[in-house]
Amino acid sequence: MKANCLIIFIALFFIVSIPSCIHSNVFEKNVAMPSNKWKETFQPVYTFDITDTTKTYNLFLTMRHTDAYPFSNIWLNVKMLKPGEKEYTNVKIEIPLAQPDGKWLGRGMNEIWEQLMPLTRDGEPLHFSKQGEYKIQLEQIMRTNPLPEVMSVGIRLEKNQ
């Protein structure tokens, strides 16, 4: 009986401790929108470090909105500041959030929808040529200001295996 308890204790110890040794290959940060309205002057910045320049990375927009979001897409200026540089590079991108019939593309629960959409043209992976601190700034450039029914916005960066 004691031997069985010892084996169970050791097994549980390894199950609990092993995940803490695994390094995540994901960076994710989300910023809440004041009053669920995204003003064009509110341009959140996301800072992350790149240490592995041999891999490619997938970059995603994470966005939470209500069912009352009035558009099927979002237009963004995605600005990136690379290590050692003083000026952001800018890419204008349209991200679809709904199908042509109006059905949301993300995951929904009641009236809240979560979107995880590629933040690069054609979903192409990124290659970071320099190690160091990168910054990404998101600017909504829709015609409606402030953009209503946006709860939060962020980025998710995943290292390709």
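In this chain, numbering begins with 1 at the start of the sequence shown.
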Distance (rounded to the nearest 0.5 Å) between Gln43 CD and Gln140 CD: 9.0 Å
Return the set of residues passing side-chain hydrogen bond (donor to acceptor under 3.5 Å, both in side chains) with Ser152 (not counting sequence neighbours), or none when no residue passes. none
Residues which pass salt bridge (charged side-chain N to carboxylate O under 4.0 Å, His left out) with Lys82, listed by chain and number, not counting sequence neighbours: none
Which pairs would a plain distance check flag for residues 106-113, meaning a side-chain donor or acceptor within less than 3.5 Å of a matching protein atom at least two apart in sequence or in another chain?
from   : atom 1 : to     : atom 2 : distance (Å)
Arg107 : NH2    : Glu114 : OE1    : 2.6
Trp113 : NE1    : Asp67  : OD1    : 3.4

Please enumerate all residues that pass side-chain hydrogen bond (donor to acceptor under 3.5 Å, both in side chains) together with Arg156, with sequence neighbours excluded. Glu28, Glu158
Going through the distances and angles, do Gln115 and Leu61 end up as a side chain to side chain contact (heavy atoms under 4.5 Å, CB included)? CA-CA 7 Å; Gln115 304 279 353; Leu61 170 73; 6.0 Å; no
Under the salt bridge (Lys or Arg N to Asp or Glu O under 4.0 Å) rule, what pairs show up with a residue in residues 43-58, not counting sequence neighbours? Asp52-Lys159
Quick one: closest heavy-atom pair of Leu97 and Met117, and the distance? CD2-CG, 4.3 Å
Taking Ile141 as the starting point, is it possible to reach Val150 by hopping between hydrophobic residues whose side chains are less than 4.5 Å apart? yes
For Gln131, give me all partners under side-chain contact (heavy atoms from CB on, under 4.5 Å), at least two apart in sequence or on another chain. Thr53
Taking Asn145's backbone N and O only, do any of them form a donor-acceptor pair with Glu40's side chain (distance below 3.5 Å, no angle check)? no
Test side chain to side chain contact (heavy atoms under 4.5 Å, CB included) on Leu138 and Val31; report intermediate values, then the result. CA-CA 11 Å; Leu138 297 179; Val31 175; over 6 Å; no
Side chain to side chain donor-acceptor pair (under 3.5 Å) pairs, two or more places apart, involving residues 93-103: Asn73-Glu94
Group every Ile, Leu, Val, Met, Phe, Trp and Tyr by side-chain heavy-atom contacts under 4.5 Å, then state whether Val91 and Leu126 land in the same group. no
Compare every heavy atom of Gly123 with every heavy atom of Pro118, then report the nearest pair and how far apart it is. CB-CA, 3.7 Å
Distance-only, no hydrogens or angles: does the Thr62 side chain make a donor-acceptor pair with backbone N or O of Gly154 under 3.5 Å? yes
Drop me the distance from Leu147's CG to Met142's CE, to the nearest 0.5 angstrom. 5.5 Å
Heavy atoms only: give me the nearest Ile136-Ile155 pair and the separation to one decimal. CD1-CD1, 4.2 Å
With sequence neighbours excluded, what pairs up with Ala32 under the side-chain contact (heavy atoms from CB on, under 4.5 Å) test? none
Taking every non-hydrogen atom, the tightest pair across Tyr46 and Val153: OH-O, 2.8 Å
Shared hydrophobic cluster, Met151 / Leu119 (ILVMFWY, side-chain heavy atoms < 4.5 Å): no
Considering non-hydrogen atoms only, spot the tightest contact between Leu105 and Pro96 and give its length. CD1-O, 3.7 Å
Asn160 meets the side-chain contact (heavy atoms from CB on, under 4.5 Å) criterion, sequence neighbours left out, with Thr56, Asn58, Pro125
Parallel, tilted or perpendicular: rings of Tyr134 and Phe128 (30°, 60°): perpendicular
Quick one: name the residues clustered hydrophobically with Phe60, using the 4.5 Å side-chain heavy-atom rule over I, L, V, M, F, W, Y, and just say none if it's on its own. Leu116
In the single-linkage hydrophobic clustering (I, L, V, M, F, W, Y; side-chain heavy atoms under 4.5 Å), do Leu81 and Ile93 co-cluster? no
Selection residues 123-133 - residue pairs positive for salt bridge (Lys or Arg N to Asp or Glu O under 4.0 Å), sequence neighbours left out: Glu85-Lys130
So the ring pair (Phe, Tyr, Trp, His ring centres under 6.0 Å) pairs with at least one residue in residues 69-94 (sequence neighbours excluded) are His65-Tyr69, Tyr69-Phe71
Here the gap from Phe42 atom CZ to Glu139 atom CD, rounded to the nearest 0.5 Å, amounts to 12.5 Å
Does Thr66 use its side chain to pair, donor to acceptor, with the backbone of Ala68 at less than 3.5 Å? yes
